[in-house]
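Read through the structure below, which is laid out as structure tokens, and then see the notes.
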Amino acid sequence: MSDIIHELLLFTVLVCLLIYAIFSRRIKGAIGEQTVSWRLSLLPKSKYKVVNNLVLKVGDKTVQIDHLIISNYGVFVIETKNLKGWIFGYENYEFWTQVIFKRKERFYNPIRQNLGHIKALKSTLNEFHGVKYVSIIAFCGKCTLKVETDTKIVYSDQLIKTIKRYSEVQLSDTEKDAIFERITLRNISRSYNRDTHIKDIKKRISDREDSINRNICPQCGGNLVIRTSANGRFKACCNYPRCKFTTNS
């Protein structure tokens, strides 16, 4: 009965959000995040602690994480994408492609995006050693995934099943509660300025693309060279393996 009530509430929320989706691109993203939030609320609360819309301040940057699950089986870091059409991408490509009929649009590889989130979490939780971080990308909307990755890429209705496949205990209840408390204390989601955050991201992307266009590695400052793989030509840092930056742009 509880599951039925959750699903009915989820349906009601989605209907309300869909009414406004055509007016705002931001609301479209909120639909995906809200869908995942309701699904995650079905996880047993004794084993899983869910944090939605986590914002961390790391150095001079803010990092926004759609969903974080702190469980006895590890820390799950979930990035949500609400997209239509066919989605093409590879694990190490810098950009993926969305295809709707004859229209193509690029978007930043969500796997790399989530790696940045995990890096921020490790910095925030540096006192906790041996924490297992699991990166999951959850796609909502009417999309068809055509991706080749090692990272878990799932449709949102597969998310709970994917999480529950991890059954080996990694954290005690005491460790789990301590991590949750630290995250709660460091979460600035109520005070941060989303528009400023988005502007900062756009500036970092612009600076990054400018470096790539000048064949300079945005990570270490080395020269970028052309290499070839089974998937085609790409740019890679000359300082490999010390620097593993690559881009297909």
Side-chain angles (χ1 to χ4, degrees), residues 29-30 32-34 36-37 39-41 43-81 91-92 94 107-139 149-154 156 159-160 162-194 196-198 200-201 204-205 208 218-219 243-245:
E33 292 180 20
Q34 190 64 41
V36 172
S37 295
R39 293 193 184 281
L40 294 179
S41 70
L43 288 167
K45 292 178 174 52
S46 61
K47 297 295 182 182
Y48 302 88
K49 292 182 176 293
V50 180
V51 181
N52 299 305
N53 187 31
L54 170 64
V55 181
L56 299 173
K57 182 76 171 179
V58 181
D60 60 348
K61 299 178 182 178
T62 54
V63 176
Q64 191 272 333
I65 301 172
D66 291 338
H67 314 277
L68 184 73
I69 303 173
I70 304 163
S71 77
N72 297 98
Y73 315 109
V75 175
F76 298 85
V77 188
I78 302 170
E79 173 66 21
T80 301
K81 295 296 180 186
E91 181 86 18
N92 296 318
E94 187 172 16
F107 61 99
Y108 190 64
N109 182 345
I111 295 175
R112 291 194 174 193
Q113 188 176 356
N114 230 20
L115 286 175
H117 296 164
I118 292 174
K119 183 178 179 181
L121 284 167
K122 288 181 176 179
S123 176
T124 303
L125 302 172
N126 59 355
E127 295 179 9
F128 300 89
H129 304 289
V131 177
K132 180 177 182 179
Y133 295 90
V134 180
S135 176
I136 302 178
I137 314 301
F139 278 84
T149 67
D150 295 322
T151 301
K152 296 293 184 183
I153 310 292
V154 301
S156 60
L159 187 55
I160 297 295
T162 300
I163 291 170
K164 286 187 174 181
R165 285 176 183 161
Y166 293 83
S167 57
E168 183 178 348
V169 175
Q170 304 286 334
L171 298 171
S172 66
D173 287 338
T174 301
E175 292 171 321
K176 180 182 64 177
D177 292 342
I179 290 174
F180 178 74
E181 182 178 358
R182 169 64 64 83
I183 288 297
T184 301
L185 289 172
R186 297 290 295 274
N187 188 0
I188 60 169
S189 60
R190 292 184 179 181
S191 61
Y192 96 115
N193 187 307
R194 183 182 179 91
T196 300
H197 175 68
I198 292 173
D200 289 342
I201 291 176
R204 292 202 298 267
I205 292 175
R208 183 185 183 91
Q219 290 186 0
C243 177
K244 296 182 180 180
F245 176 82

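Only heavy atoms go into these numbers, but all of them, side chains included; no hydrogens, no water, no symmetry mates.
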Within 6.0 Å of NZ in K176, more than 12 heavy atoms from elsewhere | yes

Do other residues, nucleotides or ligands put more than 12 heavy atoms under 6.0 Å from the CD atom of E181?
-> no

State, yes or no, whether a side-chain contact exists between [X] and [Y] at a heavy-atom distance under 4.5 Å.
| X | Y | answer |
| --- | --- | --- |
| I163 | Y73 | no |
| L121 | L68 | yes |
| K119 | V58 | no |
| K57 | V63 | no |
| V77 | V134 | no |
| I69 | V75 | no |
| L125 | I179 | yes |
| R39 | Q34 | no |

State the [atom1]-[atom2] distance between [X] and [Y], to the nearest 0.5 angstrom.
| X | Y | atom1 | atom2 | result |
| --- | --- | --- | --- | --- |
| S156 | L40 | OG | CG | 10.0 Å |
| K152 | I136 | NZ | CD1 | 8.0 Å |
| T124 | I183 | OG1 | CD1 | 6.0 Å |
| I137 | L159 | CD1 | CG | 10.5 Å |
| S71 | D173 | OG | CG | 10.5 Å |
| Y133 | Q170 | OH | CD | 12.0 Å |

Axial cation check for F139 ring with K81, 6.0 Å and 45° limits = no

Donor-acceptor pair, side chain of [X] and main chain of [Y], under 3.5 angstrom:
| X | Y | value |
| --- | --- | --- |
| N114 | S135 | no |
| N187 | V55 | yes |
| S191 | I188 | yes |

Answer yes or no: is there an ion pair linking R112 with E91, defined by an N-O contact shorter than 4.0 Å?
-> no

Hey, is K132 close enough to E168 for a salt bridge, meaning N to O under 4.0 Å?
-> no

Could you please spell out the steps behind the side chain to side chain contact (heavy atoms under 4.5 Å, CB included) verdict for F107 and Q113?
-> CA-CA 11 Å; F107 61 99; Q113 188 176 356; over 6 Å; no

Under 3.5 Å side-chain donor-acceptor pair for N53 and Q64 = yes

Any idea which heavy atoms bring E175 and F128 closest together, and the distance?
-> O-CE2, 4.5 Å

Nearest non-hydrogen partners of T151 and T149, listed with the distance | O-OG1, 2.9 Å

Would you call the rings of F76 and Y166 parallel, tilted or perpendicular if under 30° counts as parallel and over 60° as perpendicular?
-> perpendicular

Test log, rule side chain to side chain contact (heavy atoms under 4.5 Å, CB included), inputs Y108 and E94 = CA-CA 6 Å; Y108 190 64; E94 187 172 16; 3.6 Å; yes

